[in-house]
Amino acid sequence: FSSIFIIIGIIKVFCIRFSTKKISKIGAELFKNSLKTILRMDLKTHNSKNSSFWISTLTEGSTAAQFAFLQFSILISSLILFIFSLVLIISIETKITVPIILLGTLCYLISYKYSKKRLERNDILIKNSLEKRLLKLRESIGNIRQILLYNLSDYFIKDIHFTDYDLRKAQASNNIIGSSPKAIIESIAIVILLLLAFVLSLNASNKVELISEIGLIAVATSKVLQGLNAAYLSWAAITGRKEIIREFIQLVDLSDLIEFRNNKNLLKKDLQWEKLVLKDVSFSYQGSKNKVLKKVNMIIKNGDKIGIIGATGSGKSTLTDIIMGLL
């Protein structure tokens, strides 16, 4: 039995070491592919979301995806530990250990049922809070002159603090959900083992053999529960990051659909034109009913120097992007 536990430990360490190294490489490759997607997508797709969304999805999404892969590898190695320990403990004392294992499994299934919706709510809250926090940080640090001039530091600190607190509260909630069942189940298992020891001691003739048997059952039971707990923790960790992982994977998938346009080989003759004509040009962004531009008419001759003047949000940047062919 000691040899079996040593072999199990070696296998688990090997699985974790091997998967950690490989997953780091996979994570770096996924990050590169998603960054490639963002930097090569057309401007219309890029403008459909704010820059904070892309940065948050790229950084937090790649971290969450790598973490999910790691949790899955831990789940596999824990499954090996669970199967070996289960076979061992059943072979020692079937009548006693099977009820303990079934009770532990039932507790985790109940926890799964009542925790699933909470984890999914936390998942969406974490994703939105990460994006919102990044946007607010960019706004505050990028407008430091205005903040100092108008003494707005307290307003921005309070605003960002609330968003950051919501994020950390949801993350803490996920940690509590993942850790709580273990403490409860371990307490129940200890009580059952103590009762078992007391009952067996009443009729046992060989006390040394009894202590050895109970000790072995206790160790094997803890390994079985450890395997169950690792599986539950992996599920909770992945479920708590599902939404941001999904968006990150979608971003990675887009890399195969985006055609890369390399402008290095643009010939001089391609830029030779007499005049650029815009006739009744209207434009609205995806998901918006309001038109940024309405029936714009313009003629620009080659060599003209023009200025585009207008109020904030009147469509100056949009018109410039259309003239350049980015939209």
Side-chain angles (χ1 to χ4, degrees), residues 5 8 12 15-16 19 64-65 67-129 165-200 214-246:
F5 279 119
I8 290 169
K12 191 173 181 183
C15 287
I16 292 171
S19 59
F67 180 77
F69 283 126
L70 180 61
Q71 289 299 316
F72 186 73
S73 68
I74 291 172
L75 177 61
I76 298 299
S77 60
S78 298
L79 191 61
I80 295 169
L81 174 68
F82 174 77
I83 292 168
F84 272 105
S85 302
L86 190 61
V87 171
L88 176 63
I89 196 172
I90 289 174
S91 68
I92 299 168
E93 194 64 70
T94 309
K95 290 181 181 179
I96 298 166
T97 53
V98 169
I100 295 174
I101 294 162
L102 290 175
L103 181 64
T105 306
L106 181 64
C107 288
Y108 277 111
L109 288 173
I110 292 168
S111 298
Y112 164 79
K113 183 181 178 181
Y114 286 99
S115 303
K116 188 180 178 183
K117 288 184 179 178
R118 182 65 181 273
L119 283 168
E120 288 173 351
R121 284 199 302 270
N122 287 344
D123 170 36
I124 295 169
L125 180 61
I126 288 169
K127 176 196 160 296
N128 292 336
S129 296
Y165 179 65
D166 288 340
L167 168 65
R168 295 180 190 278
K169 195 164 63 173
Q171 290 173 335
S173 175
N174 285 352
N175 291 334
I176 291 167
I177 290 169
S179 305
S180 296
K182 183 185 177 184
I184 296 167
I185 292 165
E186 281 183 349
S187 300
I188 294 170
I190 289 169
V191 171
I192 291 171
L193 284 170
L194 289 171
L195 290 171
L196 168 68
F198 175 73
V199 171
L200 292 176
I214 291 171
L216 192 56
I217 291 170
V219 172
T221 303
S222 71
K223 294 297 180 185
V224 171
L225 294 177
Q226 186 181 330
L228 277 172
N229 186 64
Y232 183 80
L233 279 172
S234 299
W235 166 78
I238 293 168
T239 305
R241 293 168 173 81
K242 189 170 63 177
E243 187 64 22
I244 196 165
I245 292 170
R246 184 183 62 78

- [ ] Give the minimum heavy-atom separation between A65 and I245, together with the two atoms involved.
- [x] N-CG1, 4.0 Å
Contacts under 3.5 angstrom, residues 118-125 side chains, donor-acceptor by atom type, not counting sequence neighbours:
residue : atom : partner : partner atom : Å
R118    : NH2  : S173    : OG           : 3.4
N122    : ND2  : R118    : O            : 3.4
N122    : ND2  : S173    : OG           : 3.0
N122    : ND2  : N174    : OD1          : 2.9
D123    : OD1  : K242    : N            : 3.3
D123    : OD1  : E243    : N            : 3.1
D123    : OD2  : E243    : N            : 2.8

Task: Nearest-0.5 Å distance, CG of residue D166 to OG of residue S129 - done: 5.5 Å
Open item on the list: Can you confirm whether I126 sits close enough to R241 that some side-chain heavy atom of one is under 4.5 Å from a side-chain heavy atom of the other?
Closed with: no
